Every structure is written in structure tokens, then in C-alpha cells.
Amino acid sequence: HRYIIFMVALLLANFIHKLNYINAHSIWGDEAYTLWLGMHPLKEMMPAFTSGNDAPLYFLFMHFYIKLFGIDNFSIRLISIVFNTAALAVLLQLARRFINSRFAWYFFILFFSSSVLLHYALEVRPYALATLLAACSIYFYLCILNDRHRKLKYVFAYAIVNVLLFYTHYVTAFYLAAQFVLIPFLYRFKEGSYLQFAKSYAITAIFVLPWLGILFRQLHSLKASWQTVPDLAELYRALIGFAQAEFLLHIYGLLLAYTFIVFVFGRSKQVYNSRSALFYSFLFTFIIPVAAVYIVSLYSPLFVTRYFLYVSLSLYMAVAFAYNVLPLPNWLKIVFSFYMLFLLCRHTNIGPYTNEDWKYAMPVIKENKTLNSLILKQPEYQDGTFAYHYNKAYFKNYEQMRTLLGNENIFGVNDSSAIGRHIRSMKPEKILLVQTQWSITDPNNTAVTLLDSAYNRVALHDYMGVKVIIYENKK
């Protein structure tokens with residue numbers, strides 16, 4: 001009962017902490033796309049999954065969620081916070097069942113203060129759901145690994161969770177592959193049945209294999225996408241992001257290396273082997289997916305931090321476990337953990353992954369809009385994002401959205417080629433060029449070059465990824 005009270009207190013603290021930031025972000029391009037697609041009838045959504053790059057589960061969930069709760073900022077972000085807190089609940093239960101309450105506390109500190117988990121606990125994208133399902137996956141993985149009675153409920157639970165995880169985000173397949181690869185090594189330390197895993201993976205395969213053809217086509221299409229081939233410096237920056245700071249990454253690395261050496265070569269092998277499988281499962285379900293994503297990204301770019309966000313759970317569990325088994329008095333480790341909580345919270349930053357700050361940009365756009373002004377959005381595919389912040393009624397009427405914006409002299413352009421046509425047809429006194437992600441369609445920024453040569457630039461406002469450049473006629 002004391003642990004349940006302790007667990008509820010930690011869950012409430014996490015939920016309130018995340019809820020405090022719920023209005024910190026503006027809806028940006030990918031989130032607007034999630035809402036736009038979710039508002040479509042189900043039969044119109046399916047082509048996006050068979051020809052696009054997104055796994056279907058989260059978007060199908062959001063289709064029904066939007067019908068119930070609408071598309072206001074609070075409701076659409078709240079569900080991601082719920083997913084994040086549910087992931088914490090699963091892993092606190094893992095701590096209760098397989099380790100102890102001190103590990104739960106150390107893990108909570110890392111989870112609670114993580115900037116990447118905070119950011120994606122607020123985003124209207126699949127990553128918070130993938131985090132929850134990854135937590136469930138490692139939990140049921142350990143249940144089968146430690147199950148002497150060979151209960152079928154764990155077999156089916158592990159299979160169902162893995163199927164849902166795959167259809168939430170395809171890159172999580174590396175997490176499942178890491179678990180599979182580790183099984184022969186972990187069975188040296190834990191009792192269980194290979195047959196249990198074989199049954200579970202067979203069930204998973206039945207539901208996953210029919211979709212692999214679509215997945216391979218999507219991976220091939222990524223070669224021409226906006227993503228670039230990563231280098232080792234980018235990998236290092238991603239790891240720093242998980243650790244919060246470079247010096248913390250070094251501390252975590254030393255702690256993990258020390259614990260690994262003690263487990264493998266230490267004199268206290270017999271003592272450590274009772275739990276060494278837990279440490280190895282945490283450590284290598286972090287290392288293997290990160291290495292696999294990096295290697296695959298050299299040929300088909302996938303290396304984006306949010307794509308392998310789920311491995312941060314394994315990193316934090318490995319670090320918490322290593323700290324928990326340090327040969328120091330427990331009271332000293334607990335006292336120092338409060339200092340670590342303070343230190344990590346100081347480095348918590350909601351900002352580094354934010355892309356577009358529309359809540360400050362849109363008032364400037366509306367203030368400068370006149371009856372004879374022309375608003376050009378660049379690139380053209382940002383119609384949904386613009387409409388969401390400009391007029392939600394236009395956004396909800398997605399079939400007529402571009403027409404409704406066009407009636408107010410608001411048009412999308414990819415580069416300078418379409419600007420001349422709009423200027424000739426309207427002859428505006430003022431032009432507002434609104435740029436987000438413009439370099440994808442206009443790498444040489446020809447739109448700005450053209451407008452700078454033909455009009456007077458009177459103002460430039462930059463709101464963290466949203467540029468509003470205001471032009472007036474030359475006198």
C-alpha cells in the first residue's frame with residue numbers, strides 16, 4: 001500500500017509537471033497535418049498510410065479522438081500527456097515487480113526531468129503513444145523472461161503490444177529486434193521458455209508481415225526526402241539530448257561502463273547475476289536500436305531524435321539501475337538523488353525541439369493585413385498550419401480551405417515562380433511573406449530575392465521558425 005501511494009504521488013507529479021507546459025507550443029506543420037488527416041473519413045485516410053511515410057495507428061486513434069474532443073490546443077495535447085504518464089506508470093510497476101522502490105525513484109528523476117520526453121509529451125504526433133507501447137513491450141518482455149509458469153497471458157500481451165507498437169511508428173521495429181537478439185544471452189541468467197517467445201513472435205509476425213511490402217516502399221522513398229545522412233557528430237548531439245547536457249552524458253557513460261565491467265568481470269558475479277539480465281536488457285535495448293538506426297540512416301535517412309525517442313526509456317532505466325547497485329550506502333545515494341533532481345531540472349528545456357511559434361507570429365500577420373494586401377505562405381503545403389492559427393473554421397472545412405484563404409488574398413507559394421502571377425492579378429500595396437520550412441522548396445530563397453528587388457522591405461519578424469517579412473510599394 002505504501003508503494004501504491006508512492007507510485008500515485010510520482011504519477012501526479014509527472015502529470016502536473018507536463019500539464020504546466022501544455023500551452024508552451026504552437027501547433028506546427030506536422031501536428032496540423034495530424035489533425036487535418038484525422039478529420040477525414042476513414043476511407044479517405046487509408047491512401048495516406050499506403051503511399052505516405054506514416055504508420056496508421058495513431059492517426060486512426062486521433063480520428064475518433066477529434067470527433068469526441070475537438071481540435072483545440074488543450075484537448076489535443078492532453079492525450080499525449082496521458083500517454084506519457086501511463087508509460088511512467090508501466091515502468092514504475094516494472095520497478096515494483098522486478099527491482100525495488102529505490103530504482104523506481106532514481107528512474108522517475110530521469111524520466112520527470114527529461115527535456116525530450118517533456119517536449120514529445122506535448123506534441124500531437126505518435127511519439128508519446130510509441131513511448132507508452134515501448135514501456136509495455138519491455139515490461140511484458142521481462143515478464144516472459146522471468147515467468148516460470150509459462151502463462152499465456154504474457155505471450156498474448158507481449159504480441160499485442162508489439163503489433164500496436166509497430167503500427168504506431170515503424171522505426172520501433174529496431175527496439176523489438178534488439179529484444180529478440182538478446183534472448184539467448186539473457187537466458188543464461190533467467191529461467192523461462194524459448195517457446196513462449198516463439199509463440200509471441202509468431203503472433204506478431206501474422207499481423208506485421210502483410211504490411212512489410214508497404215514499409216519497404218516507404219523506406220525507399222525516404223532517400224529523396226528532406227532528411228540527410230547523419231555523421232557521428234549528429235549521433236553525439238542526439239545522445240546529449242537524451243542526457244540533458246554533455247557532462248551528464250559523460251557521467252552516465254562512466255556509470256554504465258563501470259556497472260557493465262563489474263557484472264562481467266567482477267568478483268561478485270554470483271551476487272550480481274541474479275539481476276544482471278535486467279541491466280543487460282536495459283542497456284542493450286538502448287545501444288542496439290540507436291546503432292541500428294544510425295547504420296540504416298547511412299543508406300535511407302531515418303536519423304531524427306523523435307524517431308527513436310522510445311530508447312530513452314531504456315537509457316534511463318539502465319542508468320537508474322547502475323546507480324541503484326553502486327556499492328554506496330543507500331541513504332547517501334538517496335540524498336544525492338535529490339541533488340541530481342535539482343541539477344537535471346535546471347537543464348530541462350522545453351524549447352530545443354520547437355519548430356514554429358505561431359502564437360506570436362499570427363497577431364503580427366493579422367495586424368498588418370489590409371484590404372489591398374497580399375499574404376504569401378511559403379511553402380505551399382503549410383496551408384493547414386496557417387489556417388489553424390488564422391481561422392479554425394477554415395481549417396475544419398478542409399475541402400474548401402484553400403478557396404477560403406484565397407478569398408482573403410492568402411496564397412501558398414513554393415518559390416518565386418508563382419509570386420509574379422499573384423502580383424499581376426492583384427497589384428497589392430503591401431505584401432506579407434510568411435516563411436516556415438521554406439528551404440525545402442526554395443533552397444536559394446528566390447522568393448525573398450524577387451520581393452527585395454521589386455518592393456521596399458519595411459519589417460522582418462522571426463518567431464522561432466516563422467518569419468514574417470513585410471513589403472510595401474516603392475515610391
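Just so you know, these numbers use all the heavy atoms, side chains as well, and skip hydrogens, waters and symmetry mates. Treat the numbers as computed from the prediction; the structure is a model and nothing was measured.
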Using only heavy-atom distances, determine whether the side chains of [X] and [Y] contain a donor-acceptor pair under 3.5 Å.
{"X": "Q437", "Y": "Y381", "value": "yes"}
{"X": "E31", "Y": "Y388", "value": "no"}
{"X": "E356", "Y": "S26", "value": "no"}
{"X": "R96", "Y": "Y3", "value": "no"}
{"X": "Y167", "Y": "W211", "value": "no"}
{"X": "Y175", "Y": "S314", "value": "yes"}
{"X": "W28", "Y": "T385", "value": "no"}
{"X": "E123", "Y": "S80", "value": "no"}
{"X": "R125", "Y": "T34", "value": "yes"}
{"X": "S137", "Y": "Y158", "value": "no"}

Taking C-beta and beyond as the side chain, do [X] and [Y] meet within less than 4.5 Å on heavy atoms?
{"X": "L232", "Y": "L235", "result": "yes"}
{"X": "Q435", "Y": "V466", "result": "no"}
{"X": "L341", "Y": "W105", "result": "yes"}
{"X": "F74", "Y": "I22", "result": "yes"}
{"X": "Y310", "Y": "L132", "result": "no"}
{"X": "M7", "Y": "L10", "result": "no"}
{"X": "F386", "Y": "T436", "result": "no"}
{"X": "I76", "Y": "L35", "result": "yes"}

Considering all heavy atoms, the nearest [X]-[Y] contact:
{"X": "Q244", "Y": "L344", "result": "NE2-O, 3.5 Å"}
{"X": "L343", "Y": "L248", "result": "CD2-CD2, 4.2 Å"}
{"X": "I79", "Y": "M62", "result": "CG2-SD, 4.4 Å"}
{"X": "L256", "Y": "V319", "result": "CD2-N, 3.8 Å"}
{"X": "L11", "Y": "T85", "result": "CD2-O, 3.6 Å"}
{"X": "V116", "Y": "G241", "result": "CG1-O, 3.9 Å"}

Please work out which of the three classes, parallel, tilted or perpendicular, describes the rings of [Y] and [X], given edges at 30° and 60°.
{"X": "Y280", "Y": "F260", "result": "perpendicular"}
{"X": "Y127", "Y": "Y120", "result": "perpendicular"}
{"X": "F279", "Y": "F263", "result": "perpendicular"}
{"X": "W36", "Y": "Y398", "result": "perpendicular"}
{"X": "F61", "Y": "Y65", "result": "parallel"}
{"X": "F107", "Y": "F103", "result": "parallel"}
{"X": "Y201", "Y": "F197", "result": "parallel"}

Roughly how far, to the nearest 0.5 Å, is [atom2] of [Y] from [atom1] of [X]?
{"X": "I99", "Y": "L94", "atom1": "CD1", "atom2": "CG", "answer": "6.0 Å"}
{"X": "T168", "Y": "D54", "atom1": "OG1", "atom2": "CG", "answer": "11.5 Å"}
{"X": "L283", "Y": "L278", "atom1": "CG", "atom2": "CG", "answer": "12.5 Å"}
{"X": "L239", "Y": "L249", "atom1": "CG", "atom2": "CG", "answer": "5.5 Å"}
{"X": "L460", "Y": "K467", "atom1": "CG", "atom2": "NZ", "answer": "6.0 Å"}
{"X": "F108", "Y": "S101", "atom1": "CZ", "atom2": "OG", "answer": "14.0 Å"}

Could you tell me whether [X] atom [atom1] has more than 12 heavy atoms of other residues or ligands within 6.0 Å of it?
{"X": "Y360", "atom1": "OH", "value": "no"}
{"X": "R346", "atom1": "CZ", "value": "no"}
{"X": "K396", "atom1": "NZ", "value": "no"}

Aromatic ring centroids of [X] and [Y] under 6.0 Å?
{"X": "Y21", "Y": "H25", "value": "no"}
{"X": "Y106", "Y": "Y316", "value": "no"}
{"X": "F207", "Y": "F166", "value": "no"}

Within the side chain of [X], is there an N or O that forms a donor-acceptor pair under 3.5 Å with the backbone of [Y]?
{"X": "S297", "Y": "V293", "answer": "yes"}
{"X": "N146", "Y": "L142", "answer": "yes"}
{"X": "T172", "Y": "L165", "answer": "yes"}
{"X": "H63", "Y": "P41", "answer": "no"}
{"X": "S114", "Y": "F111", "answer": "no"}
{"X": "Y141", "Y": "S281", "answer": "no"}

*Quick one: do F98 and C143 satisfy side chain to side chain contact (heavy atoms under 4.5 Å, CB included)? Show the steps, please.*
CA-CA 9 Å; F98 299 111; C143 285; 4.0 Å; yes

*Are F185 and F284 close enough, and set up right, to give a ring-ring contact (aromatic ring centres under 6.0 Å, His included), and what steps lead you there?*
CA-CA 11 Å; F185 302 97; F284 288 104; 8.4 Å; no

_side chain to side chain contact (heavy atoms under 4.5 Å, CB included) for L326 and Y258? Distances and angles first, verdict last._
CA-CA 9 Å; L326 275 177; Y258 167 79; 3.7 Å; yes

_I'd like to know whether L152 forms a side chain to side chain contact (heavy atoms under 4.5 Å, CB included) with K199, so could you lay out the CA-CA distance, the side-chain angles of the two residues, the decisive distance to 0.1 Å, and finally the verdict._
CA-CA 9 Å; L152 282 178; K199 292 175 182 176; 4.1 Å; yes

*Check the pair T131, F83 against side chain to side chain contact (heavy atoms under 4.5 Å, CB included), reporting the backbone distance first and the verdict last.*
CA-CA 8 Å; T131 302; F83 288 149; over 6 Å; no

